[in-house]
Amino acid sequence: MKSLRDGLKYFAYAIKSGLTTNVFNSNQLIHLYVKRGLIREAHKLFDEMPNRNVFTWNAIINGYVKARDLMQAQLLFTASPCKDSVTYNSMLSGYIDTQGYESDAVELFRQLQSQNHDARIDEFSLTLMLNLASKLGALIYGNQLHCYMVKTANNLSHFAVSSLIHMYSKCGCLLEAWKVFDGCPNGIYDLVSKNAMMGACIKGGELEMASELFWSRPELHDHVSWNTMISGYAQNGYEEEAIKLFKLMADEGYKWNEHSFASVLTACSSLKSRELGKQIHARALREGIITNPFISNGLVNVYSKCGDMKYAELVNATLGGENIFAAVSMIVGYSAVGNMLKAQQLFDSLAEKNLIVLTAIISGFLKSRQCENVFRLFRDLIQTNAVVPDTLILAGLLGACALGALIDPGKQIHAYLLRMGYMMDEKIISTKVDMYAKCGNINYAQRIFQKISQKDTVLYNIMIGGYAHHGFIYEAFQLFHEMKGKGVQPDAITFIALLSVCRHRGLVEMGETYFLSMTEEYEIQPETDHFACMIDLYGRANQLDKAIAFMGKLPVEEDAVILGTFLNACKSNKNVELAGAVEEKLLQIEGRNGARYVQFASIYALEEKWDEMGRIMKQMREKEVKKTTGCSWIHIGERVHTFTSSDRSHSEIDAIYFVISCLIQELDAIRLTEERILEESQC
DNA sequence: CTAGGGTTAG
């Protein structure tokens, strides 16, 4: 009586023949119903049974556990007149894999320990509880279970070994896991324990160890062994190895399943290989397992990472209904190509939102410099979903504060982090320093920065950039010196910061030295932003000839950033002819950017070329492009004071301009002194 | 009738 069909046939036959149905057969039938997910039928039979025994009760309780109806299982458990170890274990298993019932599991296990009933703790209960410890990362609890197992000789089976390895691995104790594995009775371990140990090595970052184990006993290989190894490589930056093993797996006669595909797709997305992704896509179609959500999500992720949103949308549409994993991938994809409208639409369409999807869209808005949207989204989601933000979300909010120069909200978030006792990792610390620097409070930034013992490149970059932003040239250069002294490697961003200092202070020679040192001393290839810095440096120093010569030697195609910077150089050097010469090229690349037309118009206006100016503005109108007006703002108390160019609408405008003129005088005085010091120090 | 290993997103 293996299948439900056979069971029912036999049962019907028994009734027809006038035989009384016995408890054993009915129990078996309940079990078969449960296996097929037919819990209502199982319960009906259970109700109709004149006699029940402990097996009957266990079968129906297990049925409700498998149907994830814990309330009903609990009711039956309480009602059952006869409970043995299996009854307890079934209930335990239900509690353990249902979110929110963990403490019930612990309580039931405690009851099991008391001796007032027929049930006893056995190996089943212990492996179940080890699972709970793994799930919660409760090392102390797991350790106690381990001790109990040793004391009661319940630590010797393969089940015990694999569960213990898994528990120690999940709790981050690779060494303990290894001790269990190594201490297997008579040194004999089974396939599952070997796979568990491989998984533990991978989680502990010991890929070599895992690989050695994998190849050590090929007779103990199964799908899981291959998939464990493939995912291990894929998740630890060994994409090529993962792909190699994926191929080898099939060559060795092991059929790919959804796990194999999901892992190899992770490797494709890290490599941003659209081609490989398409090949895997084709394979999955051929294997007929494309409908598996792990595989479809993986494909959406690969296409999104490669910026191929058409294909990502295509695969996503086949998912039928929303999927948060695919949605996150796509939001990241849209953000990368700057399409925040699509990202927002997708986000809004989601019925279920979590912290991960929120972080994804926040990062997108930050990339597109839309800080208001960050706060709006955060407020909406926090209010309606009562979620607790994590450090990644808070870092996103700090980023938005930095973008909007919002020091007060920034301080509030900082205080919230401290008050709630969040772990301050490198990421959140750097974001905090950056926020204070960008909000104009370089002193706070400096104070936090100085207290950090282990400073990395990112943090140095932020602080050097902060000093650059505030015009603290000595501090910036000195910090660069300190960085080198401490053996922290500068990167491309470091040099953007250094070149920014130079260009804002007209330090042409120093800029040239830094620029050359990039390739000659640090083997860092300069990119668009570095080239733009140099052009700007020459432009601001009124050395347009040098800028032109520099442009002539560029190893890359002139893009909008470079041409736009050159245009500014033309403007400050009042060279309308040169500006006119790049007009066609720049508008061809960025004809949709209204700011470019305004840029040209202002140059023509400066030299009173009114015809040229009229022509460019007409062109702008015809193309129906817009430029948002540049604006400055400051928060004072509850009020935001905004200013646009030559805007005199503020009620205190005369006082404001008076203070500005005083500040300019002071700045000029400071600059003269600094320049003299600099000249003397260079002598 | 109850228990062990591998898969997706910030």
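Below, chain A is the first sequence line, B the second, and so on; all start at residue 1.
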Stacking check: are the rings of Phe294(A) and dT8(B) less than 5.5 Å apart at their centres and under 30 degrees in tilt?
no

At under 4.0 Å between heavy atoms, what does Asn53(A) touch on the DNA or RNA strands: base, sugar-phosphate, or nothing?
nothing

Interatomic distance, Phe325(A) CZ vs dT8(B) C1' [rounded to whole Å]
5 Å

Side chain of Val328(A): nearest nucleotide among dA9(B), dC1(B), dT7(B)?
dA9(B)

Heavy atoms under 4.0 Å, any strand shown: does Val332(A) hit a base, just sugar-phosphate, or nothing?
sugar-phosphate

Tell me, please, whether Phe261(A) has Arg283(A) positioned over its six-membered ring: NZ or CZ under 6.0 Å from the ring centre and within 45 degrees of its axis?
no

ring centroid sep under 5.5 Å plus plane angle under 30, Phe159(A) with dA3(B)
yes

dG4(B) base to Ser163(A) side chain: any donor-acceptor pair below 3.5 Å?
no

Side-chain donor/acceptor of Asn62(A) to base of dC1(B), under 3.5 Å:
no

Please work out whether the ring planes of Tyr101(A) and Tyr95(A) are parallel, tilted or perpendicular, with thresholds of 30° and 60°.
parallel

Side-chain N or O of His158(A) less than 4.0 angstrom from OP1 or OP2 on dG4(B)?
no

So, does Asn131(A) get its side chain near the phosphate of dA3(B), meaning an N or O under 4.0 Å from OP1 or OP2?
no

Classify the side chain of Thr359(A) versus the base of dG10(B) as yes if they form a donor-acceptor pair under 3.5 Å and no if they do not.
yes

Round to a whole Å and report the spacing from CZ of Phe109(A) to C1' of dA3(B).
13 Å

Determine the contact category for Leu128(A): base if any of its heavy atoms lies under 4.0 Å from a base atom, sugar-phosphate if only primed atoms, P, OP1 or OP2 are that close, otherwise nothing.
sugar-phosphate

Closer than 4.0 Å, any side-chain N/O of Gln235(A) to the OP1 or OP2 of dG6(B)?
no

Just the rounded figure in Å: distance from P of dT8(B) to CG of Asn227(A).
11 Å

Determine whether a donor-acceptor pair (one donor, one acceptor, N or O, separation below 3.5 Å) exists between the side chain of Asp222(A) and the base of dG6(B).
no

What is the nucleic acid contact for Asp190(A), judged by heavy atoms within less than 4.0 Å: base, sugar-phosphate only, or nothing?
base

What is the distance, rounded to the nearest whole Å, between atom CG of Leu245(A) and atom P of dG6(B)?
17 Å

Interatomic distance where CG belongs to Asn301(A) and C1' belongs to dG10(B) [whole Å]:
11 Å

Counting side-chain heavy atoms from C-beta on, which of dT7(B), dG10(B), dA9(B) comes nearest to Ile324(A)?
dA9(B)

Using a heavy-atom cut-off of under 4.0 Å over every strand shown, decide if Thr87(A) touches base, sugar-phosphate, or nothing.
nothing

Calculate the interatomic distance between Leu92(A) atom CG and dG4(B) atom P; express it in whole Å.
12 Å

Under 4.0 Å between any heavy atoms, over every strand shown, what does Ile230(A) touch: base, sugar-phosphate, or nothing? Just pick one.
nothing

Is Ile295(A) touching bases, backbone alone, or none of the nucleic acid, heavy atoms closer than 4.0 Å?
nothing

To the nearest angstrom, how far is Ile202(A) atom CD1 from dT7(B) atom C1'?
13 Å

Which heavy atom of Ala160(A) sits nearest a heavy atom of Glu123(A), and at what distance?
CB-OE2, 3.7 Å

Could you check whether Arg40(A) makes a cation-pi contact with Tyr33(A), meaning its NZ or CZ is under 6.0 Å from the centre of the six-membered ring and within 45° of the ring axis?
no

Does Ser363(A) reach a base, just sugar-phosphate, or nothing at all? Heavy atoms under 4.0 Å.
nothing

Classify Thr228(A) by what it touches in the nucleic acid, base, sugar-phosphate, or nothing, heavy-atom distance under 4.0 Å.
sugar-phosphate

Evaluate the ring planes of His221(A) and Phe214(A), with Trp represented by its six-membered ring, and classify them as parallel (under 30°), tilted (30 to 60°) or perpendicular (over 60°).
parallel

Is the distance from OP1 or OP2 of dG10(B) to the nearest side-chain N or O of Lys305(A) less than 4.0 Å?
yes

Out of Leu156(A), Val180(A), Asn155(A), which one pairs with Val161(A) under the side chain to side chain contact (heavy atoms under 4.5 Å, CB included) rule?
Val180(A)

Classify the side chain of Asn323(A) versus the base of dA9(B) as yes if they form a donor-acceptor pair under 3.5 Å and no if they do not.
no

Separation of dA3(B) P from Met91(A) CE (nearest whole Å)
14 Å

Measure the acute angle between the ring planes of Tyr303(A) and Tyr311(A), then classify it against the limits of 30° and 60° as parallel, tilted or perpendicular.
tilted

